[in-house]
Amino acid sequence: MIQDFSSYEAYLERYKMFYCEEGDGRPPILSEDQFQYYFDLLKESYQAYNELAEMGHREEARNYYQQVINGLENMLAVADGTDNFPYRSI
């Protein structure tokens, strides 16, 4: 298994594992440039999420997670990015 969570190869491996069967809701495979763009966006989104939580805006943080982060995680085949980014989660 590839250890570098942030690499395109790791994304392809996760994609094959999480989306092993075709069906509705399966996102298309991203190009390497698309992957890097959305992966960077996910990192920034986790920063914003944690800043909201640290300011005591827990409801807004939960909504942000559901409306922004969850979709990015699905697109990037990330089960739960809180384990993979060095930020504190709520």
Side-chain angles (χ1 to χ4, degrees):
M1 180 169 209
I2 297 172
Q3 297 301 318
D4 181 8
F5 172 77
S6 65
S7 74
Y8 183 68
E9 291 77 18
Y11 155 72
L12 292 174
E13 189 173 302
R14 288 191 309 269
Y15 185 94
K16 291 174 189 172
M17 182 174 36
F18 293 136
Y19 299 111
C20 60
E21 295 184 25
E22 290 188 38
D24 292 342
R26 177 180 167 169
I29 293 178
L30 301 172
S31 70
E32 192 164 356
D33 288 338
Q34 290 172 317
F35 163 77
Q36 193 59 58
Y37 172 80
Y38 288 114
F39 192 85
D40 291 344
L41 186 58
L42 181 62
K43 286 194 294 190
E44 292 171 12
S45 296
Y46 266 104
Q47 287 177 314
Y49 165 77
N50 284 297
E51 288 171 8
L52 283 169
E54 288 170 2
M55 290 187 298
H57 302 290
R58 297 204 180 272
E59 186 63 31
E60 290 90 342
R62 277 190 281 277
N63 289 335
Y64 185 79
Y65 185 92
Q66 291 173 341
Q67 295 175 8
V68 176
I69 294 175
N70 192 45
L72 289 169
E73 287 178 336
N74 289 340
M75 184 184 303
L76 295 166
V78 175
D80 182 359
T82 59
D83 292 338
N84 301 297
F85 294 103
Y87 308 114
R88 186 182 70 77
S89 65
I90 55 175

Counting N and O atoms only, with roles assigned by atom type, does the side chain of Tyr15 sit under 3.5 Å from a partner on the main chain of Pro27, one being a donor and the other an acceptor? yes
Could you tell me whether Tyr49 and Tyr64 have their ring centroids closer than 6.0 angstrom? no
Which heavy-atom pair separates Phe35 from Arg14 by the least distance, and what is that distance? CE1-NH2, 4.0 Å
So CD of Glu32 and CG of Leu12: to nearest 0.5 Å the spacing works out to 8.5 Å
Do Tyr11 and Ile29 have side-chain heavy atoms sitting under 4.5 Å apart? yes
Using side-chain heavy atoms (C-beta onward) and a distance below 4.5 Å, is Leu30 in contact with Leu76? yes
Count the heavy atoms belonging to other residues, nucleotides or ligands that lie under 6.0 Å from OH of Tyr37, then report whether that count exceeds 12. no
To the nearest 0.5 Å, what is the distance between CZ (Arg58) and CD (Glu60)? 11.5 Å
Nearest 0.5 angstrom please: Met55 CE to Glu51 CD, how far? 6.5 Å
In this structure, OH of Tyr65 is separated from CD of Glu73 (nearest 0.5 Å) by 3.5 Å
Ala53 to Ala61 - nearest heavy-atom pair and separation: N-CB, 4.1 Å
Are more than 12 heavy atoms from other residues, nucleotides or ligands located less than 6.0 Å from atom OH of Tyr8? yes
Answer yes if the ring centres of Phe5 and Phe39 are under 6.0 angstrom apart, and no otherwise. yes
What's the spacing between Leu42 CG and Gln47 CD if we round to 0.5 Å? 10.5 Å
Kindly give the heavy-atom pair with the smallest separation between Asn70 and Gln66, and that separation in Å. CB-O, 3.7 Å
Between CD1 of Ile69 and CG of Leu41, what distance do you get to the nearest 0.5 Å? 9.5 Å
Can you name the nearest heavy-atom pair linking Tyr19 to Asn74, along with the distance? OH-O, 2.7 Å
